[in-house]
Amino acid sequence: MRPVIALCDANAFYCSCERVFDPTLIGRPLGVLSNNDGCIVARTPELKALGVAMGTPAFRVRHLLEQGVIDLRSSNYALYGDMSSRFMSVLEQFSPKVEVYSIDEAFVDLAGFPADQLHGIGADMKQRVQQWTGLPIGVGIANNKTLAKLANYAAKNYPATGGVVDLTDPVRQRRLMDITPVREVWGVGSRIGKRLDHWGIRTAGELSKCKPAWIRKEFSVVLERTVCELQGESCIPWEEEITGNKHQIICSRSFGQAVTTFDDLHAALVNFVDRACEKLRAQGKFSREALIMIRTDPYRDAPQHNANLTLSIPEPTCDTRRWLQLLRPGLEKIYREGFLYRKAGFMLVDLCDGTGFQADLWSEHVLPETPAMMTVMDAINRRYGKQTLKPAAVGLNERPWHMARKMLTPQYTTRWSDILKVNAKGQKYPSTFH
DNA sequence: TCTGGGGTCCTAGGACCC
DNA sequence: TCTGGGGTCCTAGGACCC
């Protein structure tokens, strides 16, 4: 049976989430900022129309904000995460096989449906997600993932499509590819795009006509796969439905303001270790190698100091306390006095699931175990909120490294005290709001 | 004043093995 | 004069994704 895949992707996802709960933002140029209110990571079409590029630092558009031309919001991941899972559960009504590719998009298996029904199914998906979650989405349908991505691109960029494109027909494929810049193809980034340009390959259509073997020789097997997919072959498999089956866990942050003291830097890293180990246990995994990283601000005209250090433990562990014991001496090795630190991170690598590893000759345990104390701590934090119990070294006071989020909206869907209040008489919200 | 935080996969080259 | 061939593992770095 020929594979049929729908790629469903929410439009300007973070912005759309904000609009669901504040309809006064509908029609306005709106941007959502990265952590620390640093740069713009999501834009509505109205903001794009003003020429504000992805990744623009917030300070460059401050004048527009002050003039009331645009709106900005801090990123509210509690809200976006919850809206994402609502979106995904609507998709799961259409097919038993849904691969969540990122917070705002998913591949949906539609193999087996008659060809003449595909467009209608796509339209139903779009309509139901809109009605049940308030999120506008685009749907692209094709015979492999790369073409589904391309179909989705068309759904978003050509209003006449109504946001749904069935690209299973080869004639339509060819027509679309001939007018699509090669840079829009999934897997072609700015670097590869530039190199393709040198060969005179500027559209998806031109890329699709290349010989895969030649592409492999000049570029890579990765791009070769992309070309094969553009030619209709199916090369990128469905990901196994193992949630959280990661190979590494990273917790890193830029700081709200520069950190200068050892103690502050240490406290920030304790925080990252705490969260990384919590994620590790949530996946039922263990690790015996970690990396600590500290960075100064590369954009600042000040002395720079960037350093990494690898920490190792003989037998795999998921015990926060084990890593914390190594953290302070490790940080002492790479910390230098007199620098303005802007970012730090902790990364667990070499994850294993507790079987099939080399045990320490002198260890009492044959298999790694989750210490009871960690299990209890996780249970309490799940029930009473994040970091209800935390390592004392995190500290109790506000620290300079806390994230700046000056334009944060409430956690409408995940915190009782933040739930939206609607005034029936006030007519505050337009009728599209249910 | 002010520029994110995750991830993945692939390749090349060095160290080391017999 | 003349110095192999095949393999693994690890790491760093590059490229991509959202």
Side-chain angles (χ1 to χ4, degrees), chain A residues 7 9-14 31-43 52-63 65-66 72 74-77 80-81 84 99-107 145-146 149 152-153 182-196 216-226 235-237 239-240 243-258 272 275-276 279 283 289 291 293 295-302 308 310 312 340 342-351 358 400 403-407:
Chain A
L7 176 68
D9 181 322
N11 305 342
F13 179 62
Y14 297 171
V32 171
L33 301 169
S34 62
N35 282 338
N36 283 313
D37 296 341
C39 54
I40 295 175
V41 293
R43 303 162 299 157
V52 176
M54 187 75 170
T56 303
F59 67 85
R60 290 228 182 101
V61 294
R62 205 185 53 182
H63 60 289
L65 182 67
E66 284 167 355
L72 294 177
S74 301
S75 40
N76 183 345
Y77 287 103
Y80 311 149
S84 175
E99 180 188 326
V100 178
Y101 178 68
S102 75
I103 193 164
D104 70 337
E105 64 188 285
F107 293 104
K145 287 184 172 179
T146 304
K149 276 281 214 183
N152 184 276
Y153 163 80
V182 72
R183 180 61 186 77
E184 299 299 334
V185 173
W186 191 39
V188 178
S190 62
R191 301 290 178 91
I192 305 247
K194 232 179 243 164
R195 285 172 59 198
L196 285 169
R216 180 181 199 142
K217 195 173 113 262
E218 285 303 327
F219 294 86
S220 67
V221 296
V222 184
L223 194 64
E224 182 192 24
R225 266 200 297 263
T226 299
C235 309
I236 302 170
E239 293 297 320
E240 294 299 319
T243 48
N245 190 23
K246 304 281 169 62
H247 301 133
Q248 48 183 253
I249 292 172
I250 302 173
C251 276
S252 71
R253 288 283 179 284
S254 298
F255 303 130
Q257 39 179 291
F272 302 150
R275 297 169 46 154
K279 286 189 202 174
Q283 295 177 23
E289 200 165 288
L291 204 76
M293 175 268 285
R295 297 260 177 279
T296 47
D297 187 347
Y299 297 102
R300 204 163 163 148
D301 189 19
N308 300 325
T310 303
S312 301
L340 300 167
R342 188 55 214 274
K343 182 173 180 175
F346 179 77
M347 182 168 158
L348 290 166
V349 292
D350 193 26
L351 307 192
Q358 179 70 52
M403 248 200 293
R405 291 202 289 183
K406 292 198 178 125
M407 291 164 272

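Below, each value reflects all heavy atoms present in this structure, side chains not excepted, and no hydrogens, waters or symmetry copies. Chain naming here is simple, since letters A, B, ... match the order of the sequence lines and numbering starts at 1 in each.
The residue Glu105(A) sits close only to the backbone: its heavy atoms come under 4.0 Å of sugar-phosphate atoms, none of a base. Across all strands shown, Ser190(A) has heavy atoms under 4.0 Å from sugar-phosphate atoms exclusively, and none from any base. Nucleic acid contact class of Arg225(A) (heavy atoms, under 4.0 Å, all strands): sugar-phosphate only. Residue contacts shown for Phe13(A) are absent, as no nucleic acid heavy atom lies under 4.0 Å away. Backbone-only contact: Asp104(A) has heavy atoms under 4.0 Å from sugar-phosphate atoms and none from a base.
In this entry the distance linking CZ of Phe255(A) with P of dC2(B) reads 15 Å, nearest Å. Rounded to whole angstrom, the span from the NZ atom of Lys145(A) across to the C1' atom of dC16(C) amounts to 15 Å. In this entry the distance linking CG of Asn35(A) with C1' of dC2(B) reads 15 Å, nearest Å. As a whole-Å value, the separation of Arg300(A) CZ from dC2(B) P is 5 Å. Summarising the geometry, the separation between CZ on Arg405(A) and C1' on dC2(B) is reported as 18 Å, rounded to the nearest angstrom. Between Leu65(A) atom CG and dC2(B) atom C1' there is a gap of 13 Å when expressed in whole angstrom units. If you measure from atom NZ of Lys279(A) to atom C1' of dG6(B), you get 7 Å, rounded to the nearest angstrom. Distance CE (Met347(A)) to C1' (dG6(B)): 10 Å, rounded to an integer number of Å.
Residue Arg253(A) has its side chain nearest to dG6(B) when only dC17(C), dG4(B), dG6(B) are considered. Closest contact between the side chain of Ile192(A) and the listed nucleotides dC9(B), dC16(C), dC18(C) involves dC16(C). The side chain of Ser102(A) lies closest to dC18(C), out of dG4(B), dC16(C), dC18(C). Nearest nucleotide to the Lys149(A) side chain, out of dG7(B), dC17(C), dG4(B): dC17(C). With dG7(B), dC17(C), dG4(B) as the choices, the nucleotide that has an atom nearest any side-chain atom of Trp186(A) turns out to be dC17(C).
Aromatic ring orientation, Trp186(A) versus Phe107(A): tilted (interplanar angle from 30° to 60°).
The distance from the CD1 atom of Ile250(A) to the CZ atom of Phe272(A) is 12.5 Å, given to the nearest 0.5 Å. Once rounded to the nearest 0.5 Å, the distance linking OG1 of Thr310(A) with CG of Asp350(A) reads 11.0 Å. Atom OH in Tyr101(A) sits 10.5 Å away from atom CG in Asp9(A) (nearest 0.5 Å). Between the OG atom of Ser75(A) and the CZ atom of Arg405(A) there is a distance of 6.5 Å, given to the nearest 0.5 Å. In this structure, CZ in Arg225(A) is found 9.0 Å from CZ in Arg216(A), a value given to the nearest 0.5 Å. Between atom CG of residue Leu7(A) and atom CD of residue Glu99(A) there is a gap of 10.0 Å, rounded to the nearest 0.5 Å.
Of the side-chain N and O atoms in Arg195(A), none sit less than 4.0 angstrom from OP1 or OP2 of dA15(C). Checking the phosphate oxygens (OP1, OP2) of dC2(B), no side-chain nitrogen or oxygen of Lys406(A) falls inside 4.0 Å. Using a 4.0 Å cut-off, no side-chain N or O of Ser220(A) falls inside it from OP1 or OP2 of dC9(B). Between dT1(B) and Arg62(A), no contact under 4.0 Å exists linking OP1 or OP2 to a side-chain N or O.
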Could you go over nucleotides 10-14 of chain C and give all protein N or O partners under 3.5 Å, atom names and distances?
none

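Both Ile249(A) and Gly38(A) lie close to DNA chain B; mapped to their nearest nucleotides by heavy-atom distance, the more 5′-ward contact belongs to Gly38(A).
The shortest distance between side-chain heavy atoms of Ile249(A) and Gln283(A) falls below 4.5 Å.
Panel note: side chain Lys145(A), backbone Pro237(A); a donor-acceptor pair is recorded below 3.5 Å. Distance alone, capped at 3.5 Å, is enough to place a donor-acceptor pair between the Arg195(A) side chain and the Glu218(A) backbone.
In terms of the side chain to side chain donor-acceptor pair (under 3.5 Å) criterion, Ser34(A) has no residue partners (sequence neighbours excluded).
Between dG4(C) and dC16(B), the two C1' atoms lie 16 Å apart (nearest whole Å).
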Dot-bracket notation for DNA chain C is requested: 5' to 3', Watson-Crick or G-U wobble pairs only, both distances under 3.5 Å, with ( ), [ ], | and . as defined. ....||||||||||||||
